[in-house]
Amino acid sequence: MSLEPIEPERALELYIADRENNVSQATIYSHQSRLGHFIRWCNDEANITNLNELSGRQLHEFRIWRRMEGDLSPATEKTQMDTLRVFVKWLESIDAVEQDLHTKVLSPTLSGDDNIRDEMLDSDRAEQILTYLEKYEYASRPHVVLTLMWHTMMRVGEIHALDCDDYDSVNQSLQVVHRPKSGTTLKNQKKGERFVALADEVCEILDDWLEHSRPAVTDSNGRKPLVSTSAGRAHTTTLRGDCYRYTRPCVVTRECPHGRDLDECEANSYDSASECPSSVNPHALRRGGITHALQEGWPMKAVGDRANVSEKVLSMHYDSRTEEAKMEQRREYLDDL
């Protein structure tokens with residue numbers, strides 16, 4: 001087989017372009033983010049300018065480097081290496097690497113609690129952040145975004161997909177809709193469609209956002225996004241950035257729990273908030289909201305329907321209550337019968 005030379009960056013561009021019509025935007029973002037580390041390694045560590053050179057030994061060297069550089073948990077390492085395997089198999093299909101090279105991409109075998117994610121924003125911090133936004137940045141885009149992430153338990157891609165017309169102020173609800181033909185998809189596609197009930201306080205924020213703060217724009221498909229910027233529909237990267245920026249403790253307390261000088265901290269710039277060890281991603285906010293609802297006594301099925309997660313997945317990956325707390329709530333439930 002004759003391989004055709006290709007640079008790492010160009011290979012990733014073609015891969016993403018090929019996948020865009022087949023998977024959700026959330027998946028595209030995840031793959032782009034995970035594979036970005038591999039491209040960085042090729043350029044900065046391995047000096048690989050042509051992927052034809054890629055070998056099984058180099059793939060193993062990347063795995064070790066990424067594990068150490070990112071201080072990855074076994075579950076995160078597996079996710080990243082599994083994505084790399086998919087990418088390498090795709091490279092085989094365009095004659096960029098030797099056939100069957102993907103079989104040499106190794107990842108951890110998980111057992112027990114290794115497969116359970118533990119990053120989560122707790123309810124005390126969430127309340128502190130939302131109180132800060134309520135006082136100092138009321139009905140701003142970050143206030144809307146973090147409020148929706150916490151109270152509705154929506155995925156970031158679902159918030160990105162919302163239109164103004166999806167919000168019903170009278171009935172206090174949001175309709176989540178899969179619209180692939182006009183530019184927005186849901187992770188679970190049609191199965192992700194649902195109505196989400198809203199509390200009074202959330203509706204008040206959305207009403208004031210729409211009336212006073214929302215940039216009056218349409219997206220490239222002529223739709224009016226609920227969460228917008230002056231350039232159109234707020235990109236998922238923008239929504240993630242809002243989450244990282246406002247979950248930095250220093251934003252709320254003006255103090256750093258890591259002993260950093262706020263004026264010199266690398267995480268203090270607009271685009272580098274994720275460098276803060278205490279900032280969290282939208283998934284951690286969503287997971288915290290789910291756990292908080294369970295702690296408040298919501299039935300598992302109600303939480304699963306609201307967050308669009310099966311009860312099995314909910315129990316394994318999202319329910320962060322202690323076993324003692326679960327037992328106590330079961331006891332309270334039985335007492336009410």
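Both backbone and side-chain heavy atoms feed into the values below; hydrogens, waters and symmetry mates do not. Values in this document were obtained by computation on a predicted structure and should not be read as measured data.
Note that the CD atom of Glu13 and the CD1 atom of Ile6 stand 9.0 Å from one another [nearest 0.5 Å]. Note that the OG atom of Ser274 and the CZ atom of Arg248 stand 9.5 Å from one another [nearest 0.5 Å]. Note that the CG atom of Leu239 and the CD1 atom of Ile159 stand 6.5 Å from one another [nearest 0.5 Å]. If you take CD1 on Ile129 and CG on Leu285, they are separated by 7.0 Å, rounding to the nearest 0.5 Å. To the nearest 0.5 angstrom, Leu130 atom CG is 11.0 Å from Ser123 atom OG. Expressed to the nearest 0.5 Å, how far CG of Leu54 lies from CD of Glu98 amounts to 8.5 Å.
In this pair, Trp90 and Tyr15 present their aromatic rings perpendicular. The plane angle is above 60°, beyond the 30 to 60° band.
Here the shortest heavy-atom pairing between Leu51 and Cys42 reads CD2-SG, 4.3 Å. Shown here for Ser278 and His258, the closest heavy-atom pair between the two residues is OG-NE2, 2.6 Å. When every heavy atom of Asp95 is checked against every heavy atom of Gln99, the shortest pair comes out as OD1-NE2, 4.4 Å. The two residues Gly56 and Leu101 come nearest to each other via the heavy atoms N-CD1, 3.8 Å. In this structure, Val156 and Pro282 approach most closely via the heavy-atom pair CB-CB, 4.2 Å. Trp41 and Glu61 get closest at one heavy-atom pair: CZ2-CB, 4.2 Å.
In this structure a side-chain-to-backbone donor-acceptor pair under 3.5 Å is missing from Arg245 to Ala273. Looking only at distances, a side-chain donor or acceptor of Ser228 sits under 3.5 Å from a matching main-chain atom of Pro215. Side-chain atoms of Asn50 do not come within 3.5 Å of backbone N or O of Glu7 as any donor-acceptor pair. Here the side chain of Asp166 pairs a donor or acceptor atom with the backbone of Asp163 at under 3.5 angstrom. No side-chain donor-acceptor contact under 3.5 Å links Ser107 to the backbone of Met81. For the pair Arg155 (side chain) and Asn308 (backbone), a donor-acceptor distance under 3.5 Å is present. Although no hydrogens or angles enter the test, the distance criterion places a donor-acceptor pair under 3.5 Å between the side chain of Arg214 and the main chain of Val217. Judged by distance alone, the side chain of Asp122 and the main-chain N or O of Gly288 form no donor-acceptor pair under 3.5 Å. The closest donor-acceptor contact from the side chain of Glu193 to the backbone of His178 lies under 3.5 Å. Under the 3.5 Å distance criterion, the side-chain polar atoms of Asn188 are left unmatched by any main-chain donor or acceptor of Lys191.
Side-chain atoms of Thr184 and Arg223 include a donor-acceptor pair closer than 3.5 Å. Side-chain atoms of Arg40 and His37 include a donor-acceptor pair closer than 3.5 Å. Using modelled atom types, one finds no donor on one side chain facing an acceptor on the other under 3.5 Å when comparing Arg233 with Asn221. Between the side chains of Glu92 and His102, at least one donor-acceptor pair of N or O atoms lies under 3.5 Å.
Within the 4.5 Å cutoff, the side chain of Ser213 has no heavy atoms near those of the Tyr138 side chain. The shortest side-chain heavy-atom distance between Ile16 and Glu20 falls under the 4.5 Å cut-off. By the 4.5 Å heavy-atom criterion applied to side chains, Glu158 and Val196 are not counted as neighbours. Residues Cys276 and Cys265 fail the side-chain proximity criterion, which asks for heavy atoms closer than 4.5 Å. Residues Arg125 and Thr247 are in side-chain contact: their nearest non-hydrogen atoms beyond the backbone lie under 4.5 Å apart. Considering only heavy atoms from C-beta on, Ile94 stays 4.5 Å or farther from Asp18 through its side chain. Between Leu3 and Val97 the shortest side-chain heavy-atom distance does not fall below 4.5 Å. Put simply, the side chain of His151 reaches to within 4.5 Å of the side chain of Glu201, judged on heavy atoms.
By the 6.0 Å and 45° rule, Arg66 does not stack over the aromatic ring of Phe38.
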### Task
Determine, step by step, whether Leu210 and Cys164 satisfy the side-chain contact (heavy atoms from CB on, under 4.5 Å) criterion, reporting the C-alpha distance in whole Å, the side-chain angles of both residues, the deciding distance to 0.1 Å, and the verdict.
CA-CA 8 Å; Leu210 290 170; Cys164 291; 3.8 Å; yes
### Task
For the pair Phe195 and Asp168, evaluate side-chain contact (heavy atoms from CB on, under 4.5 Å) and give the outcome as yes or no after the intermediate values.
CA-CA 10 Å; Phe195 284 93; Asp168 186 335; over 6 Å; no
### Message
Go through it in stages, so that I can follow the logic: the residues are His160 and Val227, the test is side-chain contact (heavy atoms from CB on, under 4.5 Å), and I'd like the CA-CA distance, side-chain angles, deciding distance and then a yes or no.
### Response
CA-CA 7 Å; His160 163 77; Val227 183; over 6 Å; no
#### Entry: Candidate pair Phe62 and Glu45, rule side-chain contact (heavy atoms from CB on, under 4.5 Å), full reasoning
CA-CA 9 Å; Phe62 166 74; Glu45 302 292 329; over 6 Å; no
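In terms of hydrophobic clustering, with Ile, Leu, Val, Met, Phe, Trp and Tyr side chains grouped at heavy-atom distances under 4.5 Å, Leu148 and Tyr244 are assigned to different clusters. Each of Val177 and Leu198 belongs to its own hydrophobic cluster when Ile, Leu, Val, Met, Phe, Trp and Tyr are linked at side-chain heavy-atom distances under 4.5 angstrom. If you chain together hydrophobic residues whose side chains sit under 4.5 Å apart, Leu262 and Tyr246 never meet in one group. Cluster membership for Leu106 and Leu59, using ILVMFWY side-chain heavy atoms within less than 4.5 angstrom, is not shared.
For OH of Tyr136, the number of neighbouring non-hydrogen atoms (other residues, nucleotides, ligands) closer than 6.0 Å is 12 at most. Enclosure of atom NE2 in His60 is not indicated, since only 12 or fewer non-hydrogen atoms of other residues, nucleotides or ligands lie within 6.0 angstrom.
Results of the side-chain contact (heavy atoms from CB on, under 4.5 Å) test with Tyr132 over Glu127, Glu137, His143 single out Glu137 as the only residue that passes.
Between Asp242 and Arg141 a salt bridge is recorded (basic side-chain N to carboxylate O distance below 4.0 Å). Of the charged side-chain nitrogens involved, at least one lies within less than 4.0 Å of a carboxylate oxygen, so that Glu77 and Arg63 count as a salt-bridged pair.
Pairs of residues two or more places apart, or lying in two chains, never qualify as salt bridge (Lys or Arg N to Asp or Glu O under 4.0 Å) while including a residue from residues 254-279.
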